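Notes follow once the structure below has been shown.
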Amino acid sequence: MSVAEDIGFFGKLPKALPGLALLVGTMVVIRFWIEPWMGNAVILDQKGWLIKVTHLNYILLGIIMGLLYRNVLFGGKLPDVFADGFKLSRLFIKTGIILLGSLYTVQAIIKLGSMAIFLIGGFVVLSIVMVLWLGKLLGMDRSMTGVMANACSICGVSAAVATAPAVEAKATHVAYAIATILGFGILTMFISPFIGHALGLNDLQYGAWVGTGILNSGQVLAACLAFNPNVAPGTAVSVGEIWNIMRVISIPFAVFAVTVWYWAGKEQPEGTKKSLSTLLLEKFPVFVLGFLGMVLLTSIGAFGDAGIKGGPPASATIKMIRDWMQWIFGIGLVGMGGYIDFKELAQAGGKPLKVGLLVGATKYVLALIVVMIIRDHLVEI
Amino acid sequence: MSQGGIAVAVDGSQASDGALDYALGLARTEGRSVTGVFVLDTGWADFIGNDWQSAAGARQGFLDYIRGQLEVQAEAARAQFAGAAADVPNASFSVIPGDPLEALVSIMAAGEADVLVAGAQVFQVCGRPSLKRLARNLVKRVKQQVVII
């Protein structure tokens, strides 16, 4: 029986239409009716109280709606009629990330990227050391330690998915690791904007913090847009996503390193050995190349002025691309909300939960402290 | 008690030993047919659906890897059932794809058996976290008699 689950876009588009219509319709209702209503509603004698106090915007509302669809309206499972449409939400977000390349020039990427490497590198080392130590302390299985090391240090679920086959991790162990990391990521996605606003962080500081501290980097995008839904150079998403991309790029290298560590002193079965180049081909996320291509095009002025700080204002084309991005991310994140299954998260447990929570909380708090300490030295774009 | 067939969830681990003993004992005593069922969990793609960053190769590689483990477990379940049910005349075993809860509920809803027997921790050996509640959910959802061991 075939296990293929990714669908060809055009071939299966008709089947995806109902789900797609639900995603798009939800975002239209949120952006045209719910958000404006929240901005005008007078509660406790304050106009816009709902937005000022709850910090809810179309991104968080979209995720919450997706979450409610699955866990309340559909009783815990996406109905078949909507399932194919929801699968396309991953494509939406990847497309949005590619377009996000229009926020940067090559120089800006180099400036931000260098700072990201410094912060991420430090926290990767810290997380790996913590996982190895806790794994030993709790008597965690070696393959599970390998999966958790990459998941906690690099980018959460994506790293767990990429690492598990290379270290022969048991399905049930990986499942508990994923549930823990996803649960922690979702929690931090919702609380980070509140903390960021309460501490008066600016976009640069906030982006650097969540880009470093959120365990599952898949939630960095949503946490940034939840803090500031604007998509423009210098906003939280333009900072946090550089951190995210640096983390995603490192997946194949991290898988290679953990594989070498796992099989050290053991006889690796023939046919399972993979070189770094094979891992790069298999596990490198292609959308990153699209993002870099977009950065290059923006740098050579293919879309007109990019509206970078200190330069001329953004061209009409760039403004249009940024407007699309808000819709594309909004629609994609409704779908992502639809994949949050409380049944799975509520049952997370065991050693992965202990390790994930300890490392995740340490990383999250420590990243905030470090960003607060170096806040005046962060490089703006 | 009606004299229809018995369905027993088997996962090839100790978690199904008790259920298998009970189901086969009932089949021997009452002359009923018994079907061992292993559900090849297809819910993994959905389980990692929130991960939008993985490369297609990494995602598919992971799903294939999990599928491989489930197939090995299915063979262990088949062997466990065959070993225990060697002396039961109307015994059969089937591997069906699907969500374990929905698949077992469907079997019962289709009237393929009158009694469903399952271990309290069945399918947890290679399952997603939500399968911890499988037994409890089966009792809630299945209309016929459900025996949880």
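Only a predicted model underlies this, so the values are computations on that prediction, with no experimental measurement involved. Reckoned from all heavy atoms, side chains included, excluding hydrogens, waters and symmetry mates. Every chain is numbered from 1, with letters handed out A, B, ... down the list of sequences.
- Contact of A:E344 with chain B is made through backbone and side chain together, with heavy-atom distances under 4.5 Å.
- A:L78 touches chain B through its side chain: at least one heavy atom from C-beta onward sits under 4.5 Å away, while N, CA, C and O do not.
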Tell me, with the steps shown, if B:F93 and B:F38 meet ring-ring contact (aromatic ring centres under 6.0 Å, His included). CA-CA 8 Å; B:F93 184 81; B:F38 180 90; 7.4 Å; no
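- Contacts of B:Y65 with chain A are made by side-chain atoms alone, with heavy-atom separations under 4.5 Å and no backbone atom involved.
- Interface summary for chain B: among A:A164, A:A179, A:A162, the most heavy-atom pairs under 4.5 angstrom belong to A:A164.
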Applying salt bridge (charged side-chain N to carboxylate O under 4.0 Å, His left out) to B:D64 and B:R67, what does each step give before you reach the verdict? CA-CA 5 Å; B:D64 289 345; B:R67 178 75 176 208; over 6 Å; no
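- At a 4.5 Å heavy-atom cutoff, the contact between B:Q53 and chain A is made by backbone and side-chain atoms alike.
- Residues A:N244 and A:E241 bring a donor and an acceptor atom of their side chains to less than 3.5 Å of each other.
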List the steps, then state whether salt bridge (charged side-chain N to carboxylate O under 4.0 Å, His left out) holds for A:K77 with B:D99. CA-CA 10 Å; A:K77 186 180 181 295; B:D99 174 86; over 6 Å; no
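- A ring-ring contact (aromatic ring centres under 6.0 Å, His included) with B:W52 holds for exactly one of A:Y339, A:F92, A:F86, A:F287; it is A:F287.
- Across A:G337, A:P252, A:P285, the residue that shares the most heavy-atom pairs under 4.5 angstrom with chain B is A:P285.
- Only the side chain of A:R70 comes within contact range of chain B, with heavy atoms under 4.5 Å apart.
- Heavy-atom pairs under 4.5 Å with chain B peak, among A:G156, A:G338, A:A169, at A:A169.
- A:I97 touches chain B through its side chain: at least one heavy atom from C-beta onward sits under 4.5 Å away, while N, CA, C and O do not.
- Of the two parts of A:V161, the backbone and the side chain both hold a non-hydrogen atom closer than 4.5 Å to a non-hydrogen atom of chain B.
- At a cut-off of 3.5 Å, with distance as the only test, no side-chain donor of B:Q124 or B:D11 sits close to an acceptor on the other residue.
- Using modelled atom types, one finds a donor on one side chain and an acceptor on the other under 3.5 Å when comparing A:Q219 with B:N50.
- In this structure, a donor-acceptor pair under 3.5 Å is absent between the side chains of A:Y176 and A:Q347.
- Contacts of A:S217 with chain B are made by both backbone and side-chain atoms, with heavy-atom separations under 4.5 Å.
- Looking at A:I340, the atoms closer than 4.5 Å to chain B (heavy atoms on both sides) sit in the backbone and in the side chain alike.
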